[in-house]
Amino acid sequence: MQCESVSFYSEGVRLAGDLYRPAGAGPDDARAGIVLCHGYTGVKSLYLPDNARVLTEAGYVVLTFDYKGWGASEGPRTRLAPFSRVADTLAALTFLGTRPGVDPAHLGLYGTSYGGATVIWAAALDARVRCVVSVVGIGDGRRWMRSVRRPDEWHDLLARAQEDREQAVVSGESAMAERDEILLQDRASAELSAAARANNPDAVSAVPASFIDETLSFHADWVVGKIAPRPLLLITTEDDRLVPPEESQSLYDHAGEPKRLVVLKGYGHYDVYAEPAFGEVMAATLAWYRAHLPPQALDAPSA
């Protein structure tokens, strides 16, 4: 696997990325390209290199990147800005399609967790996306945030969002909040997330309270039906207590054909990033891409 540090622009802001190529891939190849999108407070160096390794071994050219304000990318720090992330993803698609050895007519998306909603929005808006994989993704931001909270916690969250919204229009700034107060994790998710983030210098522990409003208004359910007739694979876990499997089920119910929903038994949210669940995720992912977006793009079926 060859990895090259790259940069490109989204809405005038410089983004940092990593471009992965299969060993031996040349500039005259016509390979399919896949953009990987991380989740809520993730960065390109967290989890995604493992996905890139598997996909490049299968023959794909892969691009990972940091959204505006995250990791090595420029822009206001640590904003969620979900629709801006969609714009970043579309810019990443454009950039990947310009790389030597990549066929711009054969591009796919892979998103995990919050990125699972991001790729659905991007694919719904842009017909260049030929194939989509969404893993433990969110269908409706408001429903999701409500589902993991007790009634008092939910009402406190809405009050906090209103207070921050009103203060921000006066001061120009959102108040900072502990990441774990906004992203309310179950015990297993909290432990696995903390362990993965412990040695990553780009991991953050505080985020703007504007995360609340931005998530409450982000609903992939609204647009997932626009992806068809392009293929959509949804992967979730049976025991996900951070993003319940009902989120992927709702996306599946709203999507058109061709579509597939895979429910992995006995795993939670963060289990999808480590073996043995990771192997099951990537086996289903590779089977879907090979069927609908073969790595040698010239061999891909016509639309």
Side-chain angles (χ1 to χ4, degrees), residues 10 32-40 42 48 51 67 80-94 96 106-148 183 211 213-238 240 242-264 269 272 281-282 284-293 303:
S10 171
I34 299 173
V35 172
L36 307 185
C37 294
H38 60 71
Y40 215 63
L48 293 182
N51 301 95
Y67 303 118
L80 177 59
F83 294 104
S84 180
R85 289 186 173 196
V86 173
D88 294 347
T89 302
L90 298 181
L93 280 169
T94 299
L96 181 57
H106 292 86
L107 300 175
L109 290 176
Y110 177 101
T112 181
S113 195
Y114 209 89
T118 302
V119 297
I120 286 172
W121 267 95
L125 292 172
D126 196 327
R128 291 178 300 169
V129 180
R130 293 287 297 272
C131 188
V132 186
V133 177
S134 174
V135 181
V136 292
I138 297 162
D140 183 299
R142 187 179 187 88
R143 179 182 61 219
W144 166 55
M145 295 192 86
R146 175 67 186 89
S147 71
V148 296
L183 181 65
F211 264 47
D213 272 344
E214 289 168 332
T215 298
L216 293 176
S217 64
F218 196 55
H219 309 309
D221 276 356
W222 290 357
V223 297
V224 66
K226 302 295 184 181
I227 295 175
R230 293 164 292 151
L232 170 65
L233 172 65
L234 298 155
I235 302 175
T236 188
T237 57
E238 181 184 44
D240 192 335
L242 178 61
V243 180
E246 288 79 10
E247 291 298 312
S248 289
Q249 181 65 59
S250 179
L251 286 167
Y252 179 83
D253 292 343
H254 285 84
E257 296 287 353
K259 61 181 178 179
R260 185 186 179 205
L261 174 63
V262 174
V263 182
L264 303 180
H269 188 81
V272 300
V281 168
M282 294 313 295
T285 295
L286 283 176
W288 193 252
Y289 281 141
R290 284 170 173 155
H292 301 285
L293 188 75

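The two residues Glu257 and Ala228 have their closest heavy-atom pair at O-CB, 3.4 Å. For Pro258 against Trp288, the heavy-atom pair with the smallest separation is O-CZ2, 4.2 Å. Counting all heavy atoms, side chain and backbone alike, Ser248 lies closest to Leu234 at O-CD1, 3.7 Å. Contact detail for Arg128 and Thr94: the closest heavy-atom pair is NH1-OG1, 2.8 Å. Closest of all the heavy-atom pairs between Val262 and Ala284 is CG2-CB, 4.4 Å. The two residues His269 and Val136 have their closest heavy-atom pair at CE1-CG2, 3.5 Å.
Ion pairing between Asp140 and Arg142 fails under the 4.0 Å rule for side-chain N and carboxylate O. For Arg143 and Glu246, the salt-bridge test fails: no basic side-chain N is under 4.0 Å from an acidic carboxylate O.
Distance check, rounded to the nearest 0.5 Å: CG of Asn51 to CD1 of Ile34 gives 10.0 Å. If you take OH on Tyr110 and OG on Ser134, they are separated by 9.0 Å, rounding to the nearest 0.5 Å. The line from CG of Leu293 to SG of Cys131 is 5.5 Å long, rounded to the nearest 0.5 Å.
Side-chain contact check for Ser84 versus Tyr67: every heavy-atom pair is 4.5 Å or farther apart. A heavy-atom distance below 4.5 Å is found between the side chains of Val281 and Leu264. Side-chain contact between Leu109 and Thr89 is present, with heavy atoms from C-beta onward closer than 4.5 Å. Between Thr285 and Ile235 the shortest side-chain heavy-atom distance falls below 4.5 Å. A 4.5 Å side-chain heavy-atom check between Arg130 and Tyr289 finds every atom pair outside the cut-off.
One N or O on the side chain of Glu247 and one on the backbone of Gly139 form a donor-acceptor pair closer than 3.5 Å. Not a single donor-acceptor pair under 3.5 Å links the side chain of Lys259 to the backbone N or O of Leu232. One N or O on the side chain of Arg85 and one on the backbone of Leu80 form a donor-acceptor pair closer than 3.5 Å.
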In a table with atom names and distances, give each donor-acceptor pair under 3.5 Å that connects a side chain of residues 116-125 to protein atoms at least two apart or in another chain.
{"from": "Thr118", "atom 1": "OG1", "to": "Tyr114", "atom 2": "O", "distance (Å)": "3.2"}
{"from": "Trp121", "atom 1": "NE1", "to": "His219", "atom 2": "O", "distance (Å)": "3.4"}

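The side chain to side chain contact (heavy atoms under 4.5 Å, CB included) with Met145 is formed by just one residue from the set Thr215, Leu183, Ile138; it is Thr215. Partner Thr236 forms a side chain to side chain contact (heavy atoms under 4.5 Å, CB included) with one of Val243, Leu261, Leu251 and no other, that one being Leu261.
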Worked verdict on Val86 versus Phe218 for side-chain contact (heavy atoms from CB on, under 4.5 Å)
CA-CA 11 Å; Val86 173; Phe218 196 55; 4.2 Å; yes
Go through the steps for Leu93 and Val129 under the test side-chain contact (heavy atoms from CB on, under 4.5 Å), then give the verdict.
CA-CA 8 Å; Leu93 280 169; Val129 180; 3.5 Å; yes
Using the side-chain contact (heavy atoms from CB on, under 4.5 Å) rule, take Leu242 and Val148 through it: C-alpha gap first, then chi angles, then the decisive distance, then the call.
CA-CA 7 Å; Leu242 178 61; Val148 296; 5.6 Å; no
Trace of the side-chain contact (heavy atoms from CB on, under 4.5 Å) decision for His254 with Val223
CA-CA 8 Å; His254 285 84; Val223 297; over 6 Å; no
